[in-house]
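First comes the structure, then the notes that go with it.
Treat the numbers as computed from the prediction; the structure is a model and nothing was measured.
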Amino acid sequence: MKRMIQIGLLAVVALSIVWLVVPRQSKTDAVSANVAAPAEYVAYYFHRTARCVTCLKIEHAAHDIIFRDFATQLRDGKLLFLPSNVEASGNEHFINDYQLVSQALVLVKYAEGKPVQSRNLDRVWELIGDEVQFDQYVHNEVATFLGIAP
């Protein structure tokens with residue numbers, strides 16, 4: 001019985017490691033982010049196909065903050081959170097458009113379907129180890145970009 005429990009625990013650990021390491025394609029990866037934005041503001045999380053644990057952590061944390069703090073703007077269609085694979089066909093231009101050097105959280109304002117303003121939240125890599133500071137930074141930057149008092 002003890003041997004079966006050990007094998008079961010090892011299987012769970014192995015599956016967890018595979019889940020964290022093997023790249024997965026999100027639904028948005030298959031859809032080009034090159035189409036006109038359906039919202040006035042888009043919070044893009046730009047990533048590559050191969051993704052590390054920290055990259056995924058940044059994406060999930062940013063997602064959670066945006067969906068928690070800006071639910072009204074999301075519901076009203078004013079804001080969209082869009083993870084986008086820059087290696088997906090049609091998305092390569094984002095690397096030059098926003099001078100991306102790594103995975104990034106970028107806020108973009110659209111007018112008449114064209115980007116008119118952007119802000120790269122470049123401190124996400126620096127702050128991801130501090131949950132409180134990361135939360136405050138992302139919240140304040142998104143709120144300010146949307147013209148809402150942080």
Roughly how far, to the nearest 0.5 Å, is [atom2] of [Y] from [atom1] of [X]?
| X | Y | atom1 | atom2 | result |
| --- | --- | --- | --- | --- |
| H139 | I65 | NE2 | CD1 | 9.5 Å |
| T144 | E141 | OG1 | CD | 6.0 Å |
| D76 | E40 | CG | CD | 11.5 Å |
| D135 | L127 | CG | CG | 11.0 Å |
| F145 | L107 | CZ | CG | 5.5 Å |
| L56 | Q103 | CG | CD | 9.0 Å |

Between [X] and [Y] (side chain of the first, backbone of the second, donor and acceptor by atom type, cut-off under 3.5 Å), is there such a pair?
| X | Y | result |
| --- | --- | --- |
| W125 | S102 | no |
| Q73 | L79 | no |
| Q133 | D130 | no |
| N140 | Q136 | yes |

Could you go through D69 and V138, starting from their C-alpha distance and side-chain angles, then the distance that decides it, and tell me whether this counts as side-chain contact (heavy atoms from CB on, under 4.5 Å)? CA-CA 10 Å; D69 297 350; V138 172; over 6 Å; no

Atom of [X], atom of [Y] and distance for their closest heavy-atom approach:
| X | Y | result |
| --- | --- | --- |
| Y45 | C55 | OH-O, 3.0 Å |
| E87 | A50 | OE1-N, 4.5 Å |
| A39 | G77 | CB-O, 3.4 Å |
| F70 | A143 | CZ-N, 3.6 Å |

Assess the residue pair Y98 and V108 against the criterion (side-chain contact (heavy atoms from CB on, under 4.5 Å)); give the C-alpha distance rounded to whole Å, side-chain angles, the decisive distance to 0.1 Å, and a yes or no. CA-CA 10 Å; Y98 302 111; V108 180; 3.5 Å; yes

Taking the side chain as every heavy atom from C-beta outward, state whether V101 and I95 have any pair of such atoms under 4.5 Å apart. no

I want to check something: taking the side chain as every heavy atom from C-beta on, are Y41 and L80 in contact at a cut-off of under 4.5 Å?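 No, every pair of side-chain atoms sits at 4.5 Å or beyond.
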
Anything under 30° is parallel, anything over 60° is perpendicular, the rest tilted; go ahead and classify F94 against Y44.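 Rings of F94 and Y44: tilted, as their planes differ by 30° to 60°.
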
So, is the end of the R123 side chain (NZ or CZ) under 6.0 Å from the ring centre of Y137 and within 45° of the ring's axis?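 Yes; both conditions hold, so R123 lies above the ring face of Y137.
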
N85 side chain to H47 side chain, donor-acceptor N/O pair below 3.5 angstrom: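 There is no such pair between these side chains.
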
Does CZ in R48 sit with more than 12 non-hydrogen atoms of other residues, nucleotides or ligands closer than 6.0 Å? no

Once salt bridge (charged side-chain N to carboxylate O under 4.0 Å, His left out) is applied, what residue pairs with a partner in residues 92-104 remain, sequence neighbours excluded? none

